[in-house]
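Scroll down for the structure; my scribbles are underneath it.
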Number of protein chains: 2
Amino acid sequence: MERIRHIASHVKGFFSGPSLGGRIFRYGGNQNIYTQGEPADTLFFIQEGGVRLTTRTKTQPSAVTAILGVNDFFGELCLAGYPLRMSTAITLTASSIRTIKKEKMLELIRNNSKAANSLVAHLLSSVKNYRDHVADLLTSTAEQRLARVLLRLAHLDEDGPASLEIPNPSHQVLAEMVGTTRPRINFFMNRFRKQGFVQYDGGLEVHQSLRKILRKPKNRL
Amino acid sequence: MERIRHIASHVKGFFSGPSLGGRIFRYGGNQNIYTQGEPADTLFFIQEGGVRLTTRTKTQPSAVTAILGVNDFFGELCLAGYPLRMSTAITLTASSIRTIKKEKMLELIRNNSKAANSLVAHLLSSVKNYRDHVADLLTSTAEQRLARVLLRLAHLDEDGPASLEIPNPSHQVLAEMVGTTRPRINFFMNRFRKQGFVQYDGGLEVHQSLRKILRKPKNRL
DNA sequence: GGCCGGTTGTTCAATACTGAACAGACAGAC
DNA sequence: GTCTGTCTGTTCAGTATTGAACAACCGGCC
């Protein structure tokens with residue numbers, strides 16, 4: 001007799017099933033889904049593609065707080081009663097995204113314990129991701145953070161082992177993901193190219209060898 | 001007739017009630033609760049005091065990924081099936097902390113929809129906090145991040161309006177919270193003192209005027 | 001007393017990063 | 001075509017930050 005040992009992957013795919021009845025929207029790359037400050041009463045669920053969440057603050061430049069892929073939620077903060085979007089959601093690539101009305105979701109998690117479990121599982125893994133991201137931001141150099149962002153973007157299309165074409169974000173957007181300036185991004189990208197870690201023929205191609213950067217200690221030219 | 005509009009504060013205090021039956025432990029300041037890598041099968045809930053979560057990585061210095069206060073959870077990742085602690089939990093001040101067995105918690109959220117709601121509400125607010133933290137790390141200077149950490153620590157004892165005594169963390173720990181080096185912390189603390197933003201007589205006293213630092217643009221000596 | 005470990009205070013050269021500026025490429029609008 | 005906007009590529013002076021080092025202070029301990 002198996003006891004339930006944890007909330008986990010056996011419910012992870014729950015929201016990709018057809019049981020939700022929400023509508024599905026298709027977007028091109030780099031398209032706005034919602035904007036910070038708009039009224040918020042729906043959640044979104046990524047069926048295909050990728051999304052970035054950007055947060056503006058008063059005095060500071062804007063920052064990309066999350067890079068999301070297939071099976072990730074966003075806009076979920078409206079469940080906690082925030083009436084307005086806390087960030088701006090923009091697609092990274094062509095995406096298909098399911099919308100779920102907040103009320104429908106609340107009803108689901110009240111009446112369907114599988115749905116509740118799935119939501120909790122997602123939120124827990126989301127918390128873990130953010131924690132890792134914070135640890136990364138506190139300890140890594142800008143170069144390493146850029147490497148991580150590129151590898152993350154590459155894995156949104158995950159398959160090939162050696163190298164991957166990725167959605168082509170502008171240096172400005174990369175700067176907001178990494179927390180640095182555009183010239184700095186340009187500088188690092190050139191260096192990555194010279195070292196053969198990325199390639200630039202039409203699209204951008206990220207090699208797995210870029211992982212070397214992550215292991216590099218903080219010094220040296 | 002009121003419909004339920006969101007999961008929120010009406011269930012936030014749920015876990016501070018006596019209904020859980022978990023044991024309550026008391027700790028002094030700066031005491032280890034659990035260590036990264038240990039087996040994980042309990043959650044913790046802060047009744048009183050404060051806790052920091054620290055993450056070690058292989059090559060990098062360690063980083064403080066969360067500063068938690070009253071009514072916050074930690075150790076919750078075991079619910080998602082991680083068998084080992086992903087970080088080290090250490091008290092900031094004398095604290096009283098309720099432990100809840102993972103199995104008990106799973107049972108609770110299956111059978112008690114109020115408990116499930118409370119957990120989801122907590123996780124959502126946790127996600128929001130992490131998002132804000134990430135945005136902060138991406139856009140602020142080390143000086144501003146230190147100011148934020150000090151203000152956050154001050155609010156753990158929240159009451160007085162003008163200035164607050166706070167638990168006295170070493171410069172080394174502050175460095176791990178801010179993501180910089182100890183000499184840098186020392187430099188900023190001296191500057192804060194000269195500007196009258198903090199005071200140092202026995203304990204550390206943080207004035208609300210420290211908030212000015214948060215509004216300061218990036219330049220100038 | 002002396003020793004120890006952990007702390008603060010401080011210096012410094014080497015390195016990382018910012019912000020502003022300017023030029024060229026390219027694509028769509030008119 | 002030309003204008004406009006957005007992108008890459010690049011330079012640079014000024015500023016911020018690192019990492020290592022050394023001195024001094026303290027509390028506990030033997």
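So you know, we letter chains A, B, ... as the sequences are listed, proteins then strands, and number each from 1.
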Which word best sums up how the rings of A:Phe25 and A:Tyr27 line up, parallel for under 30°, tilted for 30 to 60°, or perpendicular for over 60°? tilted

Mutual orientation of the aromatic rings belonging to B:Tyr34 and B:Phe74 [parallel < 30°, tilted 30-60°, perpendicular > 60°]: tilted

Can you list everything that forms a salt bridge (charged side-chain N to carboxylate O under 4.0 Å, His left out) with A:Arg26? Sequence neighbours excluded, please. A:Glu48

If you fit an axis to the five pairs at each end of the helix from C:dG1-D:dC30 to C:dC30-D:dG1, how big is the angle between those two axes, to 10 degrees? 30°

Rounded off to whole Å, could you give me the [atom1]-to-[atom2] distance for the [X] and [N] pair?
X        : N      : atom1 : atom2 : result
B:Leu138 : C:dC17 : CG    : P     : 14 Å
B:Arg145 : D:dA16 : CZ    : P     : 13 Å
A:Leu174 : D:dG9  : CG    : P     : 12 Å
A:Leu146 : C:dA16 : CG    : P     : 15 Å
B:Phe188 : D:dA16 : CZ    : C1'   : 8 Å
A:Leu204 : D:dT8  : CG    : C1'   : 13 Å
A:Arg191 : C:dC17 : CZ    : C1'   : 12 Å

Under the salt bridge (Lys or Arg N to Asp or Glu O under 4.0 Å) rule, what do B:Glu143 and B:Arg191 come out as? Steps first, then yes or no, please. CA-CA 10 Å; B:Glu143 185 181 27; B:Arg191 202 152 76 175; 3.0 Å; yes

Can you name the nearest heavy-atom pair linking A:Leu68 to A:Arg152, along with the distance? CA-NH2, 4.0 Å

Can you name the nearest heavy-atom pair linking A:Thr65 to A:Tyr130, along with the distance? O-CE2, 3.3 Å

Do B:Ser96 and B:Gln47 have side-chain atoms, one donor and one acceptor, less than 3.5 Å apart? no

Phosphate contact (D:dT18 OP1 or OP2) by B:Thr181 side-chain N/O below 4.0 Å: yes

Heavy-atom distance under 4.5 Å between the side chains of B:Met189 and B:Leu150, does that happen here? yes

For nucleotides 6-12 of chain C, give me one character per nucleotide, 5' to 3': B if any protein heavy atom sits under 4.0 Å from the base, S if the only such contacts are to the sugar-phosphate, - if neither. -SBBBB-

